[in-house]
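Everything below concerns the one structure shown next.
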Amino acid sequence: MLRTDTPTQKRRLGRLIEPFNDRVAWDLLLQRLNPTWSVGEIRARVIRRAEESDDTFSLYLQANRHWPGHQAGQHLRLQVEINGVLRQRVFSISSAPGKTRATRGQLRLTIQRQPGQGVTDWLYQNARVGQVFTLGAPGGDFTLPAAVPTKLLMIAGGSGLTPMMAMLHHLAERGHVGDIHLIQLCRKPAQRLFAVELDALARQLPGLTVDVHFSHANGRLKLESLTDRVPDFDERHTLLCGPNTLMEQAMTFWQGRTTAGPLQIERFAAPRPAGQSGGLLSVTASQSEQMFTQIPGQTLLESAEASGLSPDYGCRAGICRTCLCRKTQGQVRNLITGLASSQADEWIQLCVSVAESDLQLDL
Amino acid sequence: MAEKAQLDPQQLDDLARELDALRTEVTADLGQRDADHIRRMVRRAQGSAVAGRGLLMFGFGPISWAVGVLALAHAKILENMEIGHNVMHGQYDWMNDPTLNSKTYDWDIVCAREHWIHSHNVEHHDHTNILGKDHDYGYGMLRLTPEQRWRPSALLQPFWYLLLALNFQWGVAIHDIKLGRFFKGRMSRQELKQRSRPFLRKAGKQLFKDYVFFPALAFWQWPRVLLGNLCANLIRNLWTNAIIFCGHFTEDAQTFSLRETRDESRGHWYLRQIQGSSNLEGGRWFHVLSGHLSHQIEHHLFPDMPAPRLAEIAPRVREICQRYGIHYNSAGFWAQYRTVLKRIFVHALPTRAHRSRALPEPDQG
């Protein structure tokens, strides 16, 4: 039999020098000396904490040399240990990428506390200067186009402003002179984020207009009114980040308006699948030799968990791809893209997929 | 010898309910201190391994050699018993830590993880002490109860046992290949090859590490390292063997027939786990070095409960047993181990069921 499988050969070689190639063991040794040291993991120390509003705060982090640098608008996965359990959550980076080697590892995360939502609530109560967290690599394609459009519209709902802040800082550093119309949505003036910082940015960016909309006083932002509110709406490239309902409305609005410019969206929560009627679909998890049914109105990940399986997961919102799983048979629909995966042997994200036929998963 | 407790179905249901409630209570309370415990154990095992291997490689003189051997043996025992065995049971899966997950953890022993998970977690823990189903009962080579068929080879079983104890990791490693089936012609050569593959891979890796790689790293000190690693493995083998044999083969540990356990209720399953297991008493260090298998009864009731919790619930399990009139088999290490050795010697002879009942009572502590 021909052996062409190089990864196997690599593993074989790796076995010979065990335990000296054991990254987990080396990390364990290094962390006795300094908790941010690691042979491969991105770890970061909290160097400052700042309160941005009554429920939102920023963590300034210094990452170790494994941080590859990010693009403005990207997010990362932060891991915390809550009562012995490792949990992860995805946060947008609200600082511009550092340009030099020394500043590359300086990051700022701006986090809104969500009651009952484990990770943000835990961080709000416990995040302190000096703590060390493990991070995932930066990800996401909610970034500025390579050639920055001369006319931008940014719509930021609540903490959806965080990736925009990174972009604005990045544009300011580059001396961008184009027109940027930022609509900042918040409920009340007390909850408005980055008021001072946006003023400073407006001084650096000659084209920046900060347009604040308080929904408590003025009601929800009506997308139909955008064309009146924003001059030359149709000529603008729009970046939008905010609550699900806003993003869904925006998608419908943009679809209905053929003259509108491109719309770029960052999602944070997985959209809910519509409850299906009809027969229950069964899923075979071939590795664990178990079967479960797709529960109507739940994702595959939730259905698997409900039946006692525990697939890996990270963000539960279709972002981090931790729950990536090989589908060997059947059809699923991705709720974010709306696309169906009907081929055998495709990788699917369990947290945002629902079964559309009986399935076989490599789980 | 203690008699098997006879409980009616109602009592069995009550027993199951009480034990389930106990499990629910502990599960709800799992948290930081359990995570801290296992991480501390991992650090301790690693520190001990580094110290031991360091002393063997770079030390000189017999004292540093002996200390090195003990440190390495301690590391291996801790890693196999308190960390490996327990992590691979899924006791720490709830931590969501990929380095302490039962799906991925591999231990420092020649036994391949996939073999062990099948023979131990599936066969032994579910079918505990059911003759013919629990292949851990006597490991296919020892006759420990008159219900097992006697063969002339059993006469030599004290000698077989000594061999097994010295090479225990190998016994455990080849256990799930089920060589017996091959020799009886019930397994094809092809299947044998297939089944042996994980074992051969793992064994090659372990042998290379302990007997080629580390000795080679020590240059002219290689005989010292090689011999040290051999002794550390030997100490680990003897210790784990003694602890594990005390878990199910003591005088009062019951065996069960297939017929007895057909259509078994949950309560009956619990009852069998209690009666088929035996506990060891000792200090905190003893429990840790035994991987808390000194609380074998509790471990068999709740195999996926983090081990230090077993010691905490032991008094309550004992109290429950007392109320239901179930014999709670617990004694010091030597008292229990003596009865194990006695069983090995006694059943080397063609004992018969009714005769064994008449055997003199062991003088326990």
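Chain identifiers are assigned alphabetically (A, B, ...) following the order of the sequence lines, protein sequences preceding nucleic acid strands; residue numbering begins at 1 within each chain.
With hydrogens and angles ignored, the 3.5 Å screen pairs no side-chain donor or acceptor of B:Q32 with any backbone N or O of A:I82.
How far CH2 of B:W94 is from CG of A:L86: 9.5 Å, rounded to the nearest 0.5 Å. In this structure, B:L217 CG and A:I17 CD1 are separated by 10.5 Å, a value rounded to the nearest 0.5 Å. Distance CD/A:Q79 to CG/B:D97: 7.0 Å, rounded to 0.5 Å. For the atom pair CG of A:D312 and CG of B:N96, the computed distance is 7.5 Å after rounding to the nearest 0.5 Å.
Looking at B:V42, the atoms closer than 4.5 Å to chain A (heavy atoms on both sides) sit in the backbone and in the side chain alike. Of the two parts of B:Y92, neither the backbone nor the side chain holds a non-hydrogen atom closer than 4.5 Å to a non-hydrogen atom of chain A. Using a 4.5 Å cut-off between heavy atoms, B:R39 touches chain A through its side chain atoms alone.
The minimum heavy-atom distance between A:G84 and B:M95, with the atom names listed, is O-CG, 3.2 Å.
Crowding of B:K209 atom NZ: a count of heavy atoms from other residues, nucleotides or ligands under 6.0 Å exceeding 12. Annotation: A:W26, atom CH2; neighbour count of heavy atoms from other residues, nucleotides and ligands within 6.0 Å does not exceed 12. The environment of A:Q125 atom CD is dense: over 12 non-hydrogen atoms of other residues, nucleotides or ligands sit within 6.0 angstrom. Atom CZ of B:R266 has more than 12 neighbouring heavy atoms from other residues, nucleotides or ligands inside a 6.0 Å radius. Within 6.0 Å of CZ on A:R23 lie no more than 12 heavy atoms contributed by other residues, nucleotides or ligands.
Ring-plane geometry between B:F213 and A:F20 is classed as perpendicular, the angle between the planes exceeding 60 degrees on a 0 to 90 degree scale with a lower cut at 30.
A:Q31 and B:R43 share no donor-acceptor pair across their side chains, judged by distance under 3.5 Å alone.
You'll find the side chain of B:Q46 reaches within 4.5 Å of the side chain of A:L29, heavy atoms only.
Listed by sequence position, the residues of residues 34-42 of chain A in contact with chain B number zero, using a 4.5 angstrom heavy-atom cutoff.
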